[in-house]
2 protein chains.
Amino acid sequence: MQLPPLKSLLYFKHAAELGSFKLAAEQLYVTQAAISQQIRSLETHLGCVLFERHTRKICLTAKGKLLLPHIRKAFEYLHHGVQVIEEDPQPAGLNLSVLPSFATCWLLPRISSFQRQHPNIRVRIDPSDSLVDFDAGEADLGIRFGKGHYPGLHSELLASDDMLLAYKPGLIDPSKPLKEQIKSNHLIMDICPDAERAWGILFDKLALTGVHEPHFLEIDNAALVMQATLAGQGVGMLRRQLIQPQLALGQLEIHPEFEIACDYQYYLAGPVGHFNWHKVKLFRTWLLGQFNSL
Amino acid sequence: MQLPPLKSLLYFKHAAELGSFKLAAEQLYVTQAAISQQIRSLETHLGCVLFERHTRKICLTAKGKLLLPHIRKAFEYLHHGVQVIEEDPQPAGLNLSVLPSFATCWLLPRISSFQRQHPNIRVRIDPSDSLVDFDAGEADLGIRFGKGHYPGLHSELLASDDMLLAYKPGLIDPSKPLKEQIKSNHLIMDICPDAERAWGILFDKLALTGVHEPHFLEIDNAALVMQATLAGQGVGMLRRQLIQPQLALGQLEIHPEFEIACDYQYYLAGPVGHFNWHKVKLFRTWLLGQFNSL
DNA sequence: TCTATGCTTAAGTTTTTCTAATGTGAAATC
DNA sequence: GATTTCACATTAGAAAAACTTAAGCATAGA
């Protein structure tokens, strides 16, 4: 025996319970046309009309009334089943999967504030380059620098960022032409698309060509690029979010005329169900607060 | 609260019950890769592993075992609900929606055989040019001439057909060149893509050009084309299935060297659930028998 | 060690589903 | 009784989901 498209049954349930395609559409975050089409498709499959369409409201037909309680019950079971699975197995420990550079430069310096607010939650930070397998339960949540496309996961935009030209105070004099100063310093770069792109844009802007290998100091980790820059070894191309504290303390300076928006952005990502966990809600709130207080 | 993709839950149920992705794939008429992907997607959504993968078999994990009974129950409700709706409201009456020409030339001459076999089923034939709305319950089943694409409906190929050059015996002499004989007769055609195409192909074959309007007798119904041809008013382009009885009786002849397969085919179509109805099963069997006995 | 089996992965295609824009008709308002 | 408004229907085109094919991989069993 063949079931109709399952999605159409879900839409039917919502439409029937609300007595309106429009409200169902709002509840399900789709357009009203989507509901209309799914209901029609369901009716075609079943070979009968489920709703009487009146101008201001819709009513279930006899068949519709017959169908609804079964469908409702079915979805209750689905919900309950999923809920059981999605319960937090370890409410007192929060495991975060974070990019190493972000962990070092951003999260670690601030995390004590979260710990102070919620001393009963033990935070563990797992620095890893790629999004960890949530399946295995190794992480509860991930903070990623990307485009927000994490198939199967829920994700939420945290903040954007810019690439800045940073250096130890005095190394560059912004009042003098930048071109010559760039040529006479080491250029410290992270091996990442945004940094490479930013250097390219800067070179174009300055009409700089033929910058040779020795000029560049390539480092595989933004945290180390910052360290090298802090130590005055050259000019670094760094993300604003990561050097915020150093700028505030005057340990680094940035060139006022250079700033390139990153292609990527910071996202909070994880399985949908995790976002209902108490510890995750607390962390999310704290995190958004940290970003907004900058 | 957000449910995972519903399809993945269905696949999970089958895979869990069968203990094998491969068997689930067979049962669901998809490839095993599809199952694998859906299960992975479900696991990603839930953020936990549901199956332990061993080489020859898979086992549910603790979480998987927790989930299965809920999902199973949910689908039982869905099935039951749909089953209730899909019950035959009128088991003693069979309403067929059929193209007018097919009804006249094919179905009506044969339907008495079905009536004799099943005298307790009252057949009603509704000739209509387009596929009727099954939603309103006006028809139980449709016989269509098309490509088998009836979205939302189940459809089943019944037979193919060919376009033939038919005429009253004696009107055309197959032993003489066809070209001149075509030129000197009226050409009777149905206004339908297959007939128009077939005439085009014939003209190309005979290198016939400049056949003028008066040559053609255009009639909007294949049954009437046959009548005109039977009356000796000209040469008709007709489908084999529709003129079978006339050929057998010698009332019509066909040119032995011309035969063009139709683009379209005959399909039996209707809502999936209707195919479980007793009266529909009987009719389907009879219909297939009729086509195969030709 | 070799082979067969069943799951995984990747790439490309097809199908489904969605949105945006527009149409329609009956109630509500003026 | 004209006009507006509101909710649903329809369409075409875009986006996303799901499927298939064709590989790859690991292991049990010969």
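Just so we're on the same page: letters track the sequence lines, and every chain starts at 1. From a predicted model like this one, the values you see are computed outputs, not experimental measurements.
Under a cut-off of 6.0 angstrom, the local environment of CZ in B/Phe275 is crowded, with over 12 non-hydrogen atoms contributed by other residues, nucleotides or ligands.
When atom types are taken as modelled, the side chain of B/Asp161 and the backbone of B/Gln241 share a donor-acceptor pair closer than 3.5 angstrom.
Nucleic acid contact class of B/Tyr11 (heavy atoms, under 4.0 Å, all strands): sugar-phosphate only. Within the 4.0 angstrom heavy-atom criterion, only backbone atoms of the sugar-phosphate kind lie near A/Ile58; the bases stay farther away. Looking at heavy-atom distances under 4.0 Å, B/Lys7 makes contact with sugar-phosphate atoms alone, never a base. Using a 4.0 Å heavy-atom criterion, one finds that A/Tyr29 contacts the sugar-phosphate atoms exclusively. A/Arg56 comes within 4.0 angstrom of a base, heavy atoms only. Note on A/Gln38: only backbone sugar-phosphate atoms sit closer than 4.0 angstrom, heavy atoms only; bases stay farther off. Residue B/Ser20 is in sugar-phosphate contact alone, with no base atom involved, counting any heavy-atom pair closer than 4.0 Å across all strands shown.
Taking the nucleotide of DNA chain D with the nearest heavy atom to each of B/Thr55 and A/Gln37, the more 5' of the two is matched to A/Gln37.
Taking atom NZ of B/Lys22 as the reference point, atom C1' of C/dT5 lies 8 Å away to the nearest angstrom. Separating the CG atom of A/Leu6 from the C1' atom of C/dT16 is a distance of 13 Å, rounded to the nearest angstrom. Atom C1' of nucleotide C/dT19 and atom CD of A/Glu26 are separated by 16 Å, given to the nearest angstrom. Rounded to whole Å, atom C1' of C/dT17 lies 13 Å from atom CG of A/Leu10. A straight line from CZ of B/Phe21 to C1' of C/dG6 spans 10 Å, rounded to a whole angstrom. Counting to the nearest Å, the P atom of C/dG23 and the CD atom of A/Gln32 are 16 Å from each other.
Using a 4.5 Å heavy-atom threshold, the side chains of A/Ser97 and A/Arg144 count as touching.
By the 6.0 Å and 45° rule, B/Arg53 does not stack over the aromatic ring of B/Phe21.
Once you apply a 4.0 Å limit to the heavy atoms of chain A, the touched nucleotides of DNA chain D run 5' to 3' over D/dT5 to D/dA12.
B/Ser160 and B/Gln265 share a donor-acceptor pair across their side chains, judged by distance under 3.5 Å alone.
The aromatic rings of B/Tyr266 and B/Phe291 are tilted relative to each other, their planes meeting at an angle between 30° and 60°.
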Next item on the list: Apply the test side-chain contact (heavy atoms from CB on, under 4.5 Å) to residues A/Leu67 and A/Lys63: give CA-CA distance (whole Å), side-chain angles for both, the deciding distance (0.1 Å), then the verdict.
Entry: CA-CA 6 Å; A/Leu67 183 59; A/Lys63 296 236 171 189; over 6 Å; no

